[in-house]
Amino acid sequence: WRNPCDDLYHYGGIRFSADRKTGLVAGYWPVGTVKASFVEIWRNRQLHHAFEVSRSTPFVSHDNLISPSGELWTHVNDVTVDLYSIRGNLVQRFESPTDITDQVFSPDGKFLVIATRDAAIHIWHLENNNAVTCISSGREWLMLADDGYFDASRLGGELLSIAHGA
């Protein structure tokens with residue numbers, strides 16, 4: 001599945017699971033005017049799976065992560081994070097209203113924390129797909145859950161404006 005022109009085949013990022021037995025290698029090669037991006041999953045120094053991720057959008061290879069267990073990996077595309085199984089099956093898609101600037105798995109692999117350009121932090125529980133959004137400014141903060149519940153510091157409510165309309 002590799003491009004036969006190895007001089008055009010660019011590796012962009014390498015990530016490892018916590019036990020260092022599973023690795024994710026990402027990169028791209030030009031296909032006409034677009035870049036076809038790929039991900040390779042390596043286990044115990046053997047190529048386990050290889051995937052073409054995208055041909056339609058520029059590939060940001062440094063934004064891929066592999067979970068601490070080595071069973072999940074992510075691919076970021078502007079405002080979405082796609083969570084894949086080690087076999088390349090899409091597990092979940094997380095969407096943000098603004099560009100994603102960073103992401104990290106919790107050490108136990110149960111949460112994916114995503115930072116966005118609007119200075120919000122989104123914490124997704126991977127087992128039940130629930131999310132909490134955190135907004136902060138200085139010492140004030142506000143946390144919103146998907147079900148509408150929230151918590152805030154003493155003045156944290158001032159960080160949010162709600163408009164009701166049709």
Side-chain angles (χ1 to χ4, degrees), residues 1-118 120-134 143-149:
W1 86 285
R2 284 189 187 215
N3 184 331
C5 303
D6 283 341
D7 58 328
L8 299 177
Y9 191 65
H10 303 282
Y11 288 102
I14 299 173
R15 302 284 188 254
F16 291 96
S17 60
D19 64 5
R20 314 285 283 172
K21 292 182 180 179
T22 305
L24 178 146
V25 178
Y28 66 91
W29 67 84
V31 176
T33 59
V34 296
K35 293 178 181 176
S37 57
F38 67 87
V39 170
E40 297 175 345
I41 304 295
W42 292 76
R43 282 217 163 140
N44 298 317
R45 300 182 185 193
Q46 300 290 322
L47 181 61
H48 189 61
H49 288 291
F51 312 97
E52 184 175 302
V53 179
S54 172
R55 282 188 186 221
S56 60
T57 57
F59 181 70
V60 184
S61 59
H62 64 275
D63 286 341
N64 288 293
L65 290 180
I66 192 161
S67 67
S69 68
E71 295 299 318
L72 300 169
W73 57 277
T74 65
H75 175 71
V76 174
N77 186 359
D78 297 329
V79 297
T80 61
V81 176
D82 290 333
L83 182 67
Y84 291 93
S85 72
I86 200 72
R87 297 199 177 277
N89 300 318
L90 181 64
V91 175
Q92 290 177 14
R93 172 169 282 160
F94 305 112
E95 295 186 23
S96 167
T98 60
D99 287 346
I100 294 163
T101 58
D102 204 359
Q103 62 173 330
V104 66
F105 282 101
S106 62
D108 62 6
K110 292 183 179 180
F111 298 91
L112 182 62
V113 180
I114 298 170
T116 55
R117 189 159 311 282
D118 60 0
I121 302 292
H122 307 274
I123 305 167
W124 274 281
H125 191 282
L126 299 177
E127 292 175 3
N128 62 20
N129 201 26
N130 288 335
V132 175
T133 298
C134 306
M143 295 183 72
L144 302 164
D146 282 346
D147 57 9
Y149 288 97

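From a predicted model like this one, the values you see are computed outputs, not experimental measurements.
Closest heavy-atom contact between T80 and E95: CG2-CG, 3.7 Å. The two residues Q103 and L112 come nearest to each other via the heavy atoms OE1-CD1, 4.1 Å. The two residues G70 and T22 have their closest heavy-atom pair at O-CG2, 3.8 Å. A pairwise comparison of heavy atoms in H122 and W124 identifies CB-CZ3, 3.3 Å as the closest pair.
Between atom NE2 of residue H75 and atom CG of residue L90 there is a gap of 11.0 Å, rounded to the nearest 0.5 Å. Residue I86 holds its CD1 atom at 7.0 Å from OG of S67, rounded to the nearest 0.5 Å.
Side-chain contact between V113 and I121 is present, with heavy atoms from C-beta onward closer than 4.5 Å. Side-chain contact between L83 and R93: absent, with no pair of heavy atoms (C-beta onward) separated by less than 4.5 Å. Two residues are said to be in side-chain contact when any heavy atoms from C-beta on lie closer than 4.5 Å; I100 and V81 meet this criterion. A heavy-atom distance below 4.5 Å is not found between the side chains of V79 and F94. With a 4.5 Å cut-off on side-chain heavy atoms, T116 and P97 do not count as touching. Put simply, the side chain of N64 does not reach to within 4.5 Å of the side chain of V76, judged on heavy atoms.
Within the 3.5 Å criterion, the main-chain N or O of L126 finds a donor-acceptor partner in the side chain of Q92. A donor-acceptor pair under 3.5 Å links the side-chain atoms of T74 to the main chain of L65, judged by distance alone. With hydrogens and angles ignored, the 3.5 Å screen pairs no side-chain donor or acceptor of S85 with any backbone N or O of L72.
Salt-bridge formation is detected for the pair R43/E71: a Lys NZ or Arg NE/NH1/NH2 atom is positioned less than 4.0 Å from an Asp or Glu carboxylate oxygen.
Aromatic ring pairs are classed by plane angle as parallel below 30°, tilted from 30° to 60° and perpendicular above 60°; the pair W73 and Y84 is parallel.
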- [ ] May I have the step-by-step check of side-chain contact (heavy atoms from CB on, under 4.5 Å) for I114 and S96, ending in yes or no?
- [x] CA-CA 9 Å; I114 298 170; S96 167; 5.8 Å; no
